[in-house]
Each structure stands twice: as C-alpha cells, then as structure tokens.
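Here is the structure we will look at, set down as structure tokens.
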Protein chains: 8
Amino acid sequence: MNPERLEELLRAVERGDTGVAAALEELRRLPYRDIGVATIDHHRALRQGVPEVVFGAGKSPSQMVEITAEMVRGGHNVLITRVDEVAAEVLGRAYPEGRHNPVARTLWLEQHPVPQRPCAPVALVCAGTSDIPVAEETLETLSAVGLAHRKIYDVGVSGLHRLLGRAEEMSDASAVVVFAGMEAALPSVVGGLVAGPIIAVPTSVGYGTNFGGLTALLGMLNSCASGITVVNVDNGFGAAMALHRMLPRTSGSDPK
Amino acid sequence: MNPERLEELLRAVERGDTGVAAALEELRRLPYRDIGVATIDHHRALRQGVPEVVFGAGKSPSQMVEITAEMVRGGHNVLITRVDEVAAEVLGRAYPEGRHNPVARTLWLEQHPVPQRPCAPVALVCAGTSDIPVAEETLETLSAVGLAHRKIYDVGVSGLHRLLGRAEEMSDASAVVVFAGMEAALPSVVGGLVAGPIIAVPTSVGYGTNFGGLTALLGMLNSCASGITVVNVDNGFGAAMALHRMLPRTSGSDPK
Amino acid sequence: MNPERLEELLRAVERGDTGVAAALEELRRLPYRDIGVATIDHHRALRQGVPEVVFGAGKSPSQMVEITAEMVRGGHNVLITRVDEVAAEVLGRAYPEGRHNPVARTLWLEQHPVPQRPCAPVALVCAGTSDIPVAEETLETLSAVGLAHRKIYDVGVSGLHRLLGRAEEMSDASAVVVFAGMEAALPSVVGGLVAGPIIAVPTSVGYGTNFGGLTALLGMLNSCASGITVVNVDNGFGAAMALHRMLPRTSGSDPK
Amino acid sequence: MNPERLEELLRAVERGDTGVAAALEELRRLPYRDIGVATIDHHRALRQGVPEVVFGAGKSPSQMVEITAEMVRGGHNVLITRVDEVAAEVLGRAYPEGRHNPVARTLWLEQHPVPQRPCAPVALVCAGTSDIPVAEETLETLSAVGLAHRKIYDVGVSGLHRLLGRAEEMSDASAVVVFAGMEAALPSVVGGLVAGPIIAVPTSVGYGTNFGGLTALLGMLNSCASGITVVNVDNGFGAAMALHRMLPRTSGSDPK
Amino acid sequence: MNPERLEELLRAVERGDTGVAAALEELRRLPYRDIGVATIDHHRALRQGVPEVVFGAGKSPSQMVEITAEMVRGGHNVLITRVDEVAAEVLGRAYPEGRHNPVARTLWLEQHPVPQRPCAPVALVCAGTSDIPVAEETLETLSAVGLAHRKIYDVGVSGLHRLLGRAEEMSDASAVVVFAGMEAALPSVVGGLVAGPIIAVPTSVGYGTNFGGLTALLGMLNSCASGITVVNVDNGFGAAMALHRMLPRTSGSDPK
Amino acid sequence: MNPERLEELLRAVERGDTGVAAALEELRRLPYRDIGVATIDHHRALRQGVPEVVFGAGKSPSQMVEITAEMVRGGHNVLITRVDEVAAEVLGRAYPEGRHNPVARTLWLEQHPVPQRPCAPVALVCAGTSDIPVAEETLETLSAVGLAHRKIYDVGVSGLHRLLGRAEEMSDASAVVVFAGMEAALPSVVGGLVAGPIIAVPTSVGYGTNFGGLTALLGMLNSCASGITVVNVDNGFGAAMALHRMLPRTSGSDPK
Amino acid sequence: MNPERLEELLRAVERGDTGVAAALEELRRLPYRDIGVATIDHHRALRQGVPEVVFGAGKSPSQMVEITAEMVRGGHNVLITRVDEVAAEVLGRAYPEGRHNPVARTLWLEQHPVPQRPCAPVALVCAGTSDIPVAEETLETLSAVGLAHRKIYDVGVSGLHRLLGRAEEMSDASAVVVFAGMEAALPSVVGGLVAGPIIAVPTSVGYGTNFGGLTALLGMLNSCASGITVVNVDNGFGAAMALHRMLPRTSGSDPK
Amino acid sequence: MNPERLEELLRAVERGDTGVAAALEELRRLPYRDIGVATIDHHRALRQGVPEVVFGAGKSPSQMVEITAEMVRGGHNVLITRVDEVAAEVLGRAYPEGRHNPVARTLWLEQHPVPQRPCAPVALVCAGTSDIPVAEETLETLSAVGLAHRKIYDVGVSGLHRLLGRAEEMSDASAVVVFAGMEAALPSVVGGLVAGPIIAVPTSVGYGTNFGGLTALLGMLNSCASGITVVNVDNGFGAAMALHRMLPRTSGSDPK
C-alpha cells in the first residue's frame, strides 16, 4: 500500500464512502503489506540499473531457463552466476543474444542499458592466474551495476616488482578488490600501498592445507594492514555487491 | 628522499656541483628510500586528522607510556586501544587530559582538533548489550578519524520491532556497522533494510559452541543478504579503519 | 512375553500343569525377552498410524525392494527416505501405486489410512528455495505420522516483509520447523514472532565457509531466541519424528 | 497501536475530528509501531507467569543488581542465571528473600506466584553427577515457567540396570531432558525407551578429546534414536525454554 | 531377584501360598531388577580385588572425602584419581595411611590385599619425562587391579639406541603401554619390535600445534604398525582398565 | 646374522681360520643386520599361521596381482584388503580358488591351513546394517590369523531389547569388537554388560555432522565405560590385528 | 633501469643533454622499475640451470601447451608438475622429446643441459610405497635444478631394521627429504640418526582420521627430533626448491 | 662399544684369552649397545660447541636447577629455554654468571667458548614487535651453536618501504628466519627478494581467528613463494636447530 492509496482510503472514510469496519479490515493487513510496499519501493529505487540475479549453483538448466524467462518478461536485466558448461549451452540456445563469460561462469541478458556510475574504475587485483575466474565474476557483476573496472592480474607478492609497477593504477581506482588463494598475503601488501577501500576475496586456489580457501580467508581476516574487509571464499559476486552499496550512484538516486 | 631533494640533486649534477659518481652513490639506495618517502608523503597526506594508533594488547603499561610519549612529542594525536584497567591507571597519571573510554578500553590523546568528515554519521548497530565494548572501540576510532556516529544498541533480531523501529536511522547513515555474537543473524536482517554500505563485526559473545566468535564470523560470511563485508572477531578498530578508507574526506584530500 | 502369557504361565504353575523347573526355564530368559515384548508392545501402541521407515542412503535399489517387500507383507505402511533417481525407478516398477516425491526423495507406500492427529498443521518455513528438498522430507514424514502441514517457503530474513506477511500463519501452527542454510538467521527471527514450539533444521545449502551445513548448525545452536531446538544437518526426517513425539495423538493413545 | 486505538483514529477521521494529513502522519510510522505493539501484546500474553531473565555471565554484580532492581520495580518475577559465588553474595544482600541455587548458579526472585502448568512433570535425566549443575539450571527455569520436574540423576548407560529401573518414570513424564557429557550415549538409549518428547543437552563434562562438550553435542545430533532435538552445550536454560514453548499452558492462554 | 528367590516365588504359587495376581505384581518389575541383580552379581564377581574408583577432577576435597568415606565403610579398596595438591592434603589428613602418588595425582586406600594376577609385568614405555605423570596414573591403577609393571621411561625415537636397548624388556612384558605426546612416533616403532598387545596413550605434552594432545592422538590412530589400540588423551586410568579387561585373572574368576 | 652364525664366526677367529680384520668387517655391518635377522626371526615366529597382507587401497589391480604373485610364490597365505569390484574381477581371474568377500572387500588366498587359536570366538557387534562391511573386514582378518568369530549384527542401543537378548553371547566371547557409526553409543552400553576386552571401531556411517566417522571416534574415546580401546575409523583390519596381538596363540608359540 | 642506464642519464644531465624536468620524469617511475630490474637481474642470476616451472593442476592441456610453448620459445628448460594422464598425452604429442615421469606426474623439457651442483646426492626417504609419487616429484625437481638424489624407499619405522640398514646412506647425503603419510613417525627417527639438514614432506596417504595429510603434517611439526622443517602436504616440488635455496651452487653463482 | 673395543675382543678370542661363550655373551647385547655407541660418538662429534638444552616449560625451578647442575658437572654448555620469571630468579641465584635473556626467556651457562661457524650471519626478520620474543629464542640458540645473527625487526609487509630498505641485508645473510603472526604474509614477500634458505616461524601473535598461531602456520605452509620451510608455532629453538643442521661447521667436523 503506497501513501497515495492510504490517503485515498482515509479520504474515503472522511467522505463516508468507506465504513470504519471496512477500512479497519483493509488496514488490518497493513503492517507487513506496507513494509512490503516500502521495501519494494526502496528496492525499486535501488534497482535503477540493477539486474535481477539468479544464483545458478544447484539449479538445473531448465529451472534456470524458467526463472530467467519470468524475469525477462518483467523487463529486467538478468545476471546468472555459477553457470556451468551444460547450463551455458542450454541458456545460450534460449538467449543467443546473451553475453556468456565462460571464465566467470556468468550469463548477462541486457534488456535496457545500465546507467554508468560516476566514479573511477574498480581495480581487480589477482595474485595468480587461478584466481581469475573469481575476479571475472566480480567483473561481470560490477558491469551489471554500472561500475567500470581495471584488471591487474597475476601480481603475487613473491614477484614484488610486478605489483609495485602497478601501484598507481590501484591508488587511482575508486576501490580495490584483491583476489588471492594460498596464503593470501596480497591484501596486506596492497593495504600498505593504497589509501582507498579494499575488499579481500579469498579463493579456493591451492592444495594440501589450503582447506578449500579457509587458509586464505583466515589470512585476510588477520591482515596486518588495517581497514580491509573480507567476503566469503570465492564470493566474487558478493564483493561486487559490496561495492554497489559503497560507491556513489547516479545523481539523485543516492540513498543518503 | 622527496621530489624537492631529488630535483636539487639533479640540478647539482647539471651545475657540476655534484659528480656523477657521488650522485649515483646517492641514488643507489634510492629505490627503497624513495618508496619510503613516497609512502611517507602518501601517509602524511592521509594523516590529516588521522591519529597514530597503539595496539595495547601484549604491551606493558610502561611500554605504552614510552611509545605514546614519543608520538606525543611528534605532535600526533594518539589513539591507544586494548587498554586494560591497570594500563588505564598508569596512562591516566601520565596523561590526565586524555579521554579514557573504559567500555571501549581506549585512550585518546588529542594534540590538535580532528577535521570532521563531510558525510552523515555512521550507524553502530548492536545485537545485544554484550557487543557494546566492541562497538565502542569502533566509535572511538571513528571519532579519531573525524567520522560521526549514531548508537543503535540492543536491537537483536528476536525482538524485531525494536530493530524495525530504527530502520530509518540506519538508512540515513553513511554506513552501518553491525556488531553481533552468538548466531549473528542481525547483519542479514539489516542487509535487507538498508541500501548503503554494511560492515559486520563478529563478537566473541556467547558460550558453548560459540567458539570465541567463530560461529558469528561464519554466519556473517555466509549471510543471505548480499554485499556485506566482514572483519575479524572483536575487531572494532578494523571496522572503523575500513570506513576511514571508504567514506569521503575533507575537500582536496580525497586520494581520488 | 506379554502379561497374558505370563499370567497363563503362573496359572499353569498354580494348577500344577507346569512344573517349577519348566517355569523357571521359561522365565530364565525372561528379562530381555520380556523387555523385548514390552518394547514391541510399546512400539505397536505407538505405531498406530506410524509407518516403518527405510533409510535409503547407502542401500542398493534391490536391497530396498527386498526390505520393503518384507514390511509390506507385514501390512505396514512404509516410508522410504533418501531415494535417488535410480532407486525411485526400480521401486516405482515394484510399487507403481506408491507416492514418489522426487524433491523430498521419498517413497510412500500406504497399506491402510493413517489416522490424522488432533492438532493444527505444522508450519514448514524455508529461508530459500534450496532448502525445499529437506522441508519436503519433513513434509512426507509428517504426513506418514498423521500430521498436517502448511508450506511457508522462500521467506529469508533479507526480505523481511515476506516473512512478516506470514507471521500469523506461523503463530497459528501447532509447531514451526525452520529450514535454513547459509547463516541460518531465520530461526532467530521466527523465534521472536512465534510463541509455540520451534525446531530448526540446518541445511547444507551454501558454499565457501558453509562447510556442508556446519555454519548453519552452529548458528542455530547459538540462536539469540530462546527455546529453539536443533536436529542434524539436512535431517528433515528427524524434525518430523520430533514432532511425532511432541504433538498430541489420537484420543486414548497418548502415552501420558 | 492496538486495534482500539486504530478504530478510534478512523472514527475521528470519519467524524472529521482528525484531518487526513494528521491521520496520515499518525499512520506513517505505523508499520513498525504496530508490529511493535503486536509483538509486545504477544509477549505480554506469553508472560503470564513467565519471569524476566537476566543472563549473568559477563555482567558485574553491581550491573546485575541494577538490572534486577528495575525488573523488580516493574513487578516481574526475575530469574538470574550464571550467578557466580561473588555475585550470589552481592545479590543475596540486596535480595535476602531470593532463592539461590548454588549448584544451578541461579537466583530466583518471586514477586507473585507462578501459575502451574496442566501437565505431568518433566523428567530430568543425568548421565553422571557432573552433569547435575546444568540439569539444575533447567530445573530452576522450569520452575520459573510453572513446570514441575522429576530428578533421575546418575543413570549412565554403562550401568544399564539403574537406567532401566527408572524407565517408567521417564515414560510417565510429559517430556524428558537428557543431560550428558563425554560420549553422550544416554539420549540414544532413552530414545528407545520413551515415546514422548526428548531434548538432549550436551554438557562440557569430560577431558582429553571432549573438546568442551563438542563431542557430546555431535553425538547427540547423530543419535541413532529418531526424533531427539538438541540445544547448545551446557544450555540448561534453553532446554527449559523449549519445554515452555512445547508444553500446554494454563487454560485459555495457549496460543493455538 | 536371584534364581533362588524366583524359584521360591514359583513354588509359593504352586503351593497356593501366593496368588497369581500378587506373583504377577512381583514379576512386573522383574525385568530391570533382575538385570540389575545380574549386573550387580556380575560386578561383584569382577570386583574380587578391584577397587572402587573416584574420578577427582571437578570434585571438591570435601566431596571426595565424603564419597571416599562411604566406600571405605563398605570395606572396599579405593583409588582416587586426579587428586590435586589441595585435595591431597585434605584427604591425607583424613586417611594418613593412604598411599599418595603426587606425580600420578592418585591416592590409594587399601582395605585388604589385592590378589596378584598370574601374568608377566606390563611395560610402561614413555617417550619423554613429561609423559611420566600419565604413565604413573596407569601404574597406580594397574597396581590396584593386581597387575605388576616395569618402567621404561624416556626412550623417545629420536634417540633410538635407548629404545632398542630395552626391546627385550618390552617383548617379555604381558603387554606394553606406550605414552607419548608431541608427534607420538613411539608406538609405531614399538609396534615393529613387540609382538604382544600394545595400548597407546596420547599425552597433552607439547606446544604450538600440539592442540592439547590431539596431534598425538591422531598420530597413534594412524600408526603404520598394525594392531595398536588407543585411549583418550591423558587417560592413563583407561589404559590400565583395558589391561584389566584383557589380561588373565586369578584362577577360577576369569569370565571365559 | 643368527646366533649360530655368530658363534661360528667367533670359533673361526678362535681357530685362526678367520682373521680379526675380516671378522671386524663382517661385524661392522652387524648392528642393523643382526637386528634385521632378529626381527625377521621374530616375524617368522609370529607368522606361523599369519598371512601376508596387501592393503589394496590406492593400488591398481595389476599392481595387486604382481605383489600377490610374489607372496604366493613365497608360499605365504595372502590377505588382500580394500579390494574394489574391478580389482576383485582381475584378481579373481588370476586366483579363481581365492575366497572373495565382496562385503568385506577382501580376497583370501590360502596356501596352507591356518592353525586355529585356543580361545573362544570373538564377538563382532554391529550397531546397524551399514557397519557390516567394516565388521566383515575384521571377520576375514580374524579368520586369517586363526581366530573364530560370532556375528551379533544390528543391535543398536535404541532397540535395547535386541542387545540385551544377546548379552550372554558377548560375555562368553574371548573379546568383543563393537562397530558403530553415528553417535557410537553402543560400546558404552556393551562396556557395562561385558567384563572382557572390548575394541571399538568407529565407522563412517552417517550424514550431516557425522564428519566421516569423526563423531563416532570421539564418542568412543570419551566412552563412560572404562577400559575400552579404539582404532582408526573403518579400520576393521586393525581391530583384528589387535586381537591377534592380544589373544593366546598355539602352544609354544606365545611370545611370553 | 640498470646502473649503466642510470649513469648514462646522470651524465646526460651533467652534459646538459637532458633537462632536469625530463630526468625527474624518467626517475619518477624509477622505484619500482629499478626494483623490477634488480629483481629480474637477481632472478636471472639464479636461473643459471633453473627451469621455468608450470603448475599443471587446474590448467587444461591446451593451456599447458600454450604456456609451455612460450617458455620453450624463450629457450628455457621447462618443468611441468601435476600433469595428469590426459595432459601427459596432449603434451607428449607436442613435445615427444620430453621426459614424462608418470609416477611423479611431471614433464621435463630440456633445452640446454643443467649444470650439476657441487654436493653429495640428496637422500629421498619414503615410509611406504604410497609416498613414492610425492618423492618422485621432488626427484624430478631436484634434477631440474642440478641436484643428484638417492632413493631410500619403503623404510617405515615399524620395520626398523630396513631403516637402520640404510642409515649410512642418509648420513652421507647432503640433505635428507623424508616423505611420510599416516602418523609420520619417520622424520623423528631419521632426525636421531642423521646430523645434516632434514626436510619433512607430509603426504596425503592414509584413511579415516588421516584428514588428507593433516595428521602427518601435525606429527612432523611436533617432531621430538629438533631441527626438522616442514613443507605443505604432498608438496614434493617445494621440498626440492628449499634444497635449491639451501645447497651450494656452481662456483661463482652462489648469492653469498 | 667402539671399534677399538670390538677389535680388542676379537683379538682376545683369537689369543684364546676370551672364550667363545663369553664373547658371545658380550656380543649378545651388541646390536643396540653398538648403535648406542655409534650414536653417542656421532653425537659427541656434533657436540663440539653444541650445548645441552633444557626445555623449561612444565618443569619446576628446582627441577631445572637439578637437571642443570648435572649437565654443568659434565662440563657442558647449557641452554635453558622457556624460563619464566620465577625460574629465572631461582636459576639466577644458582648461576649468577649465567646470561639471562628475559625477552627470549632463555638462560645460557657457558662452560667453554663456542667455536664460531664459518658463514655469514643469519638474518632474523620480524613482522612486528610482538614476534620479537620468538626471534630472540632463535637468536640465543644460534649463539649457542656458534652462528652469528643480524636483527631485522619490525618490517611487516604493510609498510613495504621498511622491508625493501633492508633487502640487501637479507640477501647477504647465510639464511633468513622470518617470524610472523597474524596472516604471516612476510615470508612470501621475503621469498621473492632472497635467493638463499628461508625458514618461517609462525608466532601466536594476534587475536580473533588467529587461533594461537594456526592461521600464521597455514599461511606459511601455503606460501606462494617456493622453497620456504616451516617449523611449529613459536618454535624459535627449532628454527635455530634447523640452521645448525644446514649451515657449514668448523673445518673437519662437517658430517659430509
């Protein structure tokens, strides 16, 4: 129930067109519906340029097609993540115009252009080539929310000169996302070089006592560089959504 | 070696006042010194309004006094964290003008005013009263970097009406920091109510299988609300420093 | 040995039809046999409307058919859980009249109607669509013990309005079962909305540090809402059996 | 805002006593306030005979006295848990009429009689003497919500005859709470003997690889007896609150 | 109820001295009582020469004195384990004749001589001096059940010659108990030297990633020498009780 | 070098047939060779009736055939464990006379009869049908070392009457091996019923927080029944080898 | 920027050929470029005889071919590790002259001879045959950096005589690498026999609570023999690279 | 038994002075005694300049005094580690000439000068000031085995310029020991800067999910820089002993 509808109801009561009992009944379910409306409004505001997202893991290709179809009918841009090869083929047949990023395992279906955000690109910094799939998931999600990026790949700390050679690009970015598996030393070094926001994404790259990314996660949480925040292992999507929350939006739509 | 000194050296070579060999020797150790200088310059730029920080845990009161004295002599504002009762008394005698926050276990020694940052206050949202010490550490650190705050304490999800009653205050904030122990459900609920940046701080509140905050940490990393980032358990300082990186600075000093 | 048989034996001794030695021999193995009988009686009493259950995991389709056949011969209703696709096909050929729920991975073979229990339906509350298979296992088990249910699916805490919009349905239920993976915040919120019994079922939904449901389990055990009990990860069957213990039975058969 | 107040507002609009703008303003903050009211009403209904509870762990004696004083002023019965010896002495001086259970580490301050619940006593079953403090916390909490109990202590499974000798007392109870540390075999055995509700409470009793109760917790979650639910380690209070949710209330106040 | 009593009851029924109803009532509680009796008989048979045992950890000195007094009144030999210094002093005043082993943290109160077992001594093999307290707990428990021992202390695998020099003493023993902390390599080496029974006891000796004996426990469970069994960390008492089960008893009392 | 050879060498020196230098050279490599010989003798003594064992896991069928062939050539009985279906078929073609136990996943190739051991059968006690494969591995290994067995399968503690009904068979055994997954309550109950040796084998049966048998292992290590020893998860072979160490051998070959 | 280029620049300034501004601009990016150059020089020095290494895990065969081709074009010797069967076939077609070690899962492409290092062979000591693949990875890597080796396989501690029989070969080696899974007792025993450097490599050999090599890793870290260092589970490559750092190089190229 | 004694024995047999039986008896215990001798010789060779070491943790001051006294009587240099304040005072009274390092918690009692080793100093590199106690334990142990050191303290990776400024000092060292807690990023960066041997020592510095140094340990084991080896958490002594094994000894005493 939006404010207009509520005002109309009250005016109907004032006019006598609606009895108190009927109005009460109408209002009885107000609390949550109103919250619902508010939330939806709120969401709608946010969604200027924001896609619907389908988390593909654990869904069959036909389920993904079905869910996607409904969203496309609603006129929404749709981002599908964790699209494996089989699903990519099935979805590709249904949506040949979609942009499939096989490294990121994403599919992007654009129904209308995404307004670009008024800020510098986000730097995507990878320790090794194996971290790239997660970085690309961030890249595709950033793109879906109107944020530009700059790739700074394969700059692990054991070859410090490559990293230092790109320090300026990191400092110029509106934020830095650091992707690292193994011991995840990279965010600490970047943290000393860059003054802006840094999000660390542990990746499940490694073997032995890597424990599927847990070692990298713990390393990042215990970073000696202060002010670094962390998301879940391999959660490239989540890092981009945190930047979506954090970085400025198109004029007039910023929530604050 | 700052740029001025470098320019001066080159001019001395140009003038013939300094030979190439002497200049080479001077420059031989340049790489790191220059980086040092650059970093220090960079840091100095950042530090307009930023205090020196002493992490008190594991240091004796006399060590803290000694370190602090040196910083104060340098004219820096100083924030000391993890100050236990004994240290607070010793430091209090040395610096009676300092602001001791016994809940946050911090001591603040202000040598010059901190310039206030051009943004709305940060909302500090606590699930329970036991989370307050960590929230207060964030509060004191925010204050030290010129960021205002708004306390929204004791709004755990099992009493949803208290939380919903303060949703607007959260939405109006420039960012929200959510402090929670136990199962750490709060960030997920806040994530659905607020569109801006959210940092989740797990606290070591709880017993049994709480595992010193690990359960809360894991809960936050796996939050169903997207775009939430996390810092280490009880790391109230780190959350504030992440906001220091993230939120706008005084005109002209923003690094981008 | 049931009481009637025991009384008969004593009467035979009283009559002199059975000698003391023979009676002693009969009674010598009494302790456990009698317990056996008692337990079986007890079980039989409980089993009015209660099926035999076959836990399908780790059993071959032919083993399942064999075990099931024996139970069906005994005239029992049979519930088979953890039935994968291959087993479903094999069992479906043997029992075409069975009710196969492919989402729940159950097969129900009804030999005689299950008496319905005299209480309101149980609310099955899911955080996300991925929790539904576990919820459906509970649903099928509830049905097998004569308990009705009400589905409240996809009401995760990050979209609070959907959850609040169904609060009344939860409060009206005789009990609530909450299914959640990831951070498992849902039971804490439901715990604040509902006064009746709540059982939380962690699901292995998630990735990264979800650890196969462990994060959800720990979250539920540490819930800030009091009085919530927990079962093992993905144990939809166990939750239903706890309700079978807890909720009132048909008149006269309640054990207390 | 309760329904009467809402009706009154609508009638005032109908009468013209309140303008639409003023009513809108009044209603604007309705969603959460109304939920708040609803929740509070709901809580009030629940609280007939239910005490306020103070979780003493991590609170200083003076904090406990202060919080307690406020509750007592409100006329509430108060249950304080995790009261250590020092706190017990301080609180004992403030409330000499209170009932201190040093084993349970609880203090009970009764302002008005607790209405007794219309059901059989709850059986409290302990594996060993070291589990008794947790059982006594359950006992005191049950008492505070009007539920009677029956102690069945020291009946571990390695001395099966003691346990079997009390099987009838367990079967006659309205529910059974089983307290066990070490390997926590007891609930599985009780689960085979009793048809009613069973809540298992792992205790941190043991040494070596007991891991502070984790072994007992895992054992209980994996019990071979179906339908057993579990609470957090040493959470005697939580088990009682689960029974408070589960067992019938005084006539007319049952929520279903 | 022993067989004699049962026969008597049946004869009373035969004679007509006891009615069927009264006999039924008598027999109604038979199952567990009889099991109880059987178990007690069984235990009594076992207890020829076996002490009562009090696990001292978590008990106050006065509790220990009280429990001990009751056992001593019953004429039993008593072994108290985990007796700390304070308890030892209190118990020592009450039982000056007791044998206190401060290294083992045990107190032995002998009321009547323990019959010695007809087998060779048990070899107690320690990797380092820090394992000795656990070995001495085994030693005292062995002594209490009539088993002799031989100390082979400080023979860690990094000084192989000391270990090999005592191989014969190990081979001659009726069984070997190996105590080791740290990496617990010792049982694997002993396993290759000795053909008889070997019980491995992990001790909580070490630091860093020793994890309170967990590393030693895991090492022992994964020993490359076959046929080694393991008890809980620091469970010197348990190892001795396993030998009590395993080794031959005095003539006529062996259960097989 | 056996004693005879050593004596011969010394006599050759005494006679002057061997010079000191040559004897020294011969003796120089004595330490390990002699130990080698001793160990081999020792092993040979042990091996009267003891098979060679091949641990099949991680070996290809052709590797297994090759290793087995060599052992068979040496005239040894051979037991191969962890034989999967493919390996069983390949080995079956090579050794059609072999005894393949597909449940135990073992293959037994008997070259000469195994002397039977002079003791009562070993009781193999399983909690559930899923534990049977591990029990059968024990069974086959026992058979290979001349020990008889008695199957007591499917006697979990939640159906106590089945277990109690077979208590006597357990007490009569020379030892009891208890196989249990899930919460592993069974050894504790058996421990209270049986006075003889008990070895507990955790199995990886279960789901959710079973953690591949870790929960069962921890439960067994923390058993409230004293004197129970434990082997690694699913280590049916190891349990049998422990009994091989523990139980009496054919006359004259016992090492003590 | 190498020293020559820097000197040239300064001379150009001295001569007036380059202005101060241009020189400053040139030097502005010096810090990292110079470090880059330095590091590259440094690396080049190291690489006399050192191959490029491709970590094959997680790379497709075609990716491996592509990366390898570039390195081969650069004239480098190339070592590819973690080459599975499919990749081996694809790479084998591309580089038929390569040396494929299927046990080590490596491929070696030699473009120019590797200078041999002036030291004794490295002893590779395996506890069991299952550790051999990891040992062979070390072997191939040692070979690639010019270090000889000596295989001492299958000398686990439960058959001590085999190990002692080869003690001299270990003592004569320039270093010992010990490979062990299960409980990893071997390094502790070797540590007592050998005075030179020892690197322990845990392998993921074992089952049950082996936890993929974690048990072996913890055992090695807690070894009672002092001065043993450890690398990650199954990291045969890393052990060889540690020896590459540690052992003497060809004359004139040693970095110290 | 050394070779001379063996030769003498053989000659006595040759001469007839010793009978074969007596020689056999003498030789019967040879295997281990000879190994013992060999090991002792071996140890003695190593011990030129090597101290006896007492691990102080878990020992009472009087035990330490007693053990030390015996070693001093033997003329050995003695290094005592993990000496707490109380022990330091007691030992200081007994050995006022000893060198107590309160940061390292060591006591050094020099009976004769330690021969210095013919190699460059070892670089001790600390990430933070809290790592210094562990580094000082390494320092004192190095000193006790004749190895010089160079302190490079407080050079964490978040302030890269401090670290780079000392790169040359690290490269010039004969080996580098890196001490780091928290996320332990330092060894990876050092690994890229230095070509010589690197040993990483995790320290238990940190809080939250540091887990007593486990996070640092895992980070080091998973370092992206190859050829780094690791010792146990806080094991400063072990790192020095590894260098004792690795670095060249005084002429003529090198075991290879």
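Protein chains get the first letters and strands the later ones, always in sequence-line order, with residue 1 at the start of each.
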Inset, instruction - Measure the OG1-CG distance between B:T215 and C:L214 for me, rounded to the nearest 0.5 Å. - result: 8.0 Å

Inset, instruction - Assess whether atom CD of C:Q63 is packed by more than 12 heavy atoms of other residues, nucleotides or ligands within 6.0 Å. - result: yes

Inset, instruction - Would you indicate whether the side-chain heavy atoms of B:L160 and C:V189 approach each other to under 4.5 Å? - result: yes

Inset, instruction - Let me see the working for C:L164 and B:L164 under side chain to side chain contact (heavy atoms under 4.5 Å, CB included), right down to the final yes or no. - result: CA-CA 11 Å; C:L164 294 173; B:L164 293 174; 3.9 Å; yes

Legend entry - Pick from C:A216, C:C224, C:A185, C:G219 with the largest number of heavy-atom pairs that fall under 4.5 Å of chain B: C:C224

Inset, instruction - Kindly say whether B:L221 contributes a backbone atom to a donor-acceptor pair with the side chain of C:E183 at under 3.5 angstrom? - result: no

